[in-house]
Colleague: 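Provided herewith is a single structure, encoded as C-alpha cells, for subsequent inquiry.
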Amino acid sequence: MKTNLLLLAAGVCMSVAACTSNGSKKAADSSAKGDTATMAATDTTKALKPAGPAPSWAPTMRPEMQVVIEKLVSYGDKPIPELPAVEARKNHTPTDAVMDVMKEHGIAKPVFNVDTMGKDIPVDGGTIHLRVYTPKTNASSYPVIVYYHGGGFVIANLDVYDASANVLADKAGAVVVSVAYRLAPEHKFPVAHNDAYAAYKWVVNNAASIKGNAKKIAVAGESAGGNLAIATAIKARDSKTMVPTAILAVYPVAQSDMNTTSYIKYGNAKPLDKAMMGWFVKNYLNSMAEAKDPRISLVTANLKGLPPTTVINAEIDPLQSDGMMIVDKLKAAGVTVDSKKYDGVTHEFFGMGAVVPEAKDAEEYAVAQLKKAFGM
C-alpha cells in the first residue's frame, strides 16, 4: 500500500480493500504512542469541489463525498469481484482516497489522545490479534468498546479502520479493543463470528488487565463488523455471558436478500455495490444455504433482551434497507433503538469526519450514544 494507514488523516472504514489479510501488525499497534495530547483542529468546511457532475447512481451525493469517490475511482483498480481475495486486499481503499484528498487540499490530519498496544489471544483453531486503544487521561479505568471492522468478512484489517477506533476511544473516553478476526475464504463461516464472540468474552474476563470497567462493555462495528457486533450480543445473551452495555452498528449487514429497495436503487454505487456483496457472500459462506443462518440474516434472529442499540445508515448504500429492517425488527422485539440515516453519503462514510461534514456528525452522534449508555 502506498500510504501509511496509521497516519490516517481521517477515520475511514472499509468495504473495498485492504493492505493485508489479517491486520495483526504489532509494530503498528505501538506506533500511535507518540500522538499529541490534543485533537488537531480540522476544517471540514473547506471548499471541496468535485471535478465533474454527480454520478448517475447518486445524483444527491454531497460534494465532499463526491470528491472522495472521485479520488477512489481515479486509482483505476480492478473491480473487487474480478479478483481473488488475496489480490483484492491490495486494492486502494477509501482510506487512501481520504488521505490523498486531505493532502491535496491542505486539510490537517486529526491526532488522538490515545495510546495503542497489541495482544494476541487464543481462539478455537488458532490465535487472533487485538489492538487496544487507551485514552491518555490517567483514569484508573474506562468503559470498553469491542470494535469489529468491515470488509465483507473477506478484506480489510485493523490498519484500514485504525482511525475509526481512534475516534471512538478519544471522543468517548473508552478503551477500544479492535478485533482482527480471521478472514475468508481462508477461514469460512462461522469463523469470523466465532472469533468476534471469543474476543468479546476475553474482554469480559480480562477487562481489568486493559484498564477496562468490566461492567461497561459495548460492542460496535461497521458493515460486516456491524453484523458481528449484533451477532456477538445475541451469542452473549444465549451463552449466559454478560450482555453488552450497548450496541453500535454502522450500516450493518443484516439479511441475505439482495433485491431490497436499496440494493436495486444503489446496486451500482461506490465504494460498495451489489456485485461486491455477492462476492463477499461467495467467499465467506460454505454454501448459499448459510445465508439464511440467523447470524447472517439478523432480521430472522431472536432479538429480545438485547441492550440499547444505535444504528447508523447511509443513503447511497445497497445496505440501507438492511439497516432500516434491523431497526424495525429490534423495535418489534422490545429493544431500545436509536437510529439516523445520513443523506448524500455512501457506504464507508463513517469516520471521514475530517473531510465529510455528515461523517463528523455521525461520529459525534455515535460517541454521544455510547457515552449515554455508559452513564457518562
Colleague: By the side chain to side chain donor-acceptor pair (under 3.5 Å) test, which pairs, at least two apart or in different chains, include something from residues 207-216?
Modeller: none

Colleague: Would you name the heavy atoms of A180 and L158 that are closest together and state the gap between them?
Modeller: N-CD2, 3.7 Å

Colleague: Do the side chains of R131 and D159 get close enough for a salt bridge, i.e. N-O under 4.0 angstrom?
Modeller: yes

Colleague: Would N227 and H193 count as a side-chain hydrogen bond (donor to acceptor under 3.5 Å, both in side chains) here? Give the steps.
Modeller: CA-CA 9 Å; N227 173 284; H193 285 78; 2.7 Å; yes

Colleague: For the residue pair H92 and Y75, does the interplanar ring angle fall in the parallel (under 30°), tilted (30 to 60°) or perpendicular (over 60°) class?
Modeller: parallel

Colleague: Looking only at atom types and distance, does a side-chain atom of D115 sit under 3.5 Å from a main-chain N or O of T134, one as donor and one as acceptor?
Modeller: no

Colleague: Quick check: does any side chain N or O of N206 sit under 3.5 Å from a backbone N or O of W202, one acting as donor and the other as acceptor?
Modeller: yes

Colleague: Can a donor-acceptor pair be found, under 3.5 Å and without considering hydrogens, that links the side chain of N259 to the backbone of I264?
Modeller: no

Colleague: Just checking, is any N or O donor in the side chain of Y365 or D338 under 3.5 Å from an acceptor N or O on the other one?
Modeller: yes

Colleague: Applying ring pair (Phe, Tyr, Trp, His ring centres under 6.0 Å), run through H187 and Y284 and close with a yes or a no.
Modeller: CA-CA 8 Å; H187 302 281; Y284 185 42; over 10 Å; no

Colleague: If you measure from the Lys or Arg side-chain nitrogens to the Asp or Glu carboxylate oxygens, is any gap between K71 and E104 under 4.0 Å?
Modeller: yes

Colleague: Among I121, V191, D120, find the one that has a side-chain contact (heavy atoms from CB on, under 4.5 Å) with I128.
Modeller: I121

Colleague: Please check if any side-chain donor atom of Y147 sits under 3.5 Å from a side-chain acceptor atom of E222, or the reverse.
Modeller: yes

Colleague: Indicate yes or no: does R62 engage E358 in a salt bridge with an N to O separation below 4.0 Å.
Modeller: yes

Colleague: Using a strict threshold of under 4.0 Å (side-chain N to carboxylate O), is an ion pair present between K360 and E363?
Modeller: no

Colleague: Just by distance, no angles: are the side chains of N313 and Y342 close enough, under 3.5 Å, to form a donor-acceptor pair?
Modeller: no

Colleague: So, R295 side chain and T232 main chain: donor-acceptor pair closer than 3.5 Å or not?
Modeller: no

Colleague: Could you go through residues 314-326 and list every donor-acceptor pair under 3.5 Å that involves a side-chain atom there, pairing it with any protein atom two or more places apart or in another chain?
Modeller:
residue	atom	partner	partner atom	Å
E315	OE1	T60	OG1	3.2
E315	OE1	G344	N	2.6
E315	OE2	T60	OG1	3.2
E315	OE2	Y266	OH	3.4
D317	OD1	L319	N	2.9
D317	OD1	H347	ND1	3.1
D317	OD2	H347	ND1	2.7
Q320	NE2	E315	O	2.8
S321	OG	S262	N	3.1
S321	OG	S262	OG	3.0
D322	OD1	Q255	NE2	2.8
D322	OD2	A254	N	2.9
D322	OD2	Q255	N	3.2

Colleague: Please confirm whether the backbone N or O of V160 pairs with a side-chain atom of N157, one donor and one acceptor, at under 3.5 Å?
Modeller: yes

Colleague: Is a donor from one side chain sitting under 3.5 angstrom from an acceptor on the other, for T137 and Y142?
Modeller: yes

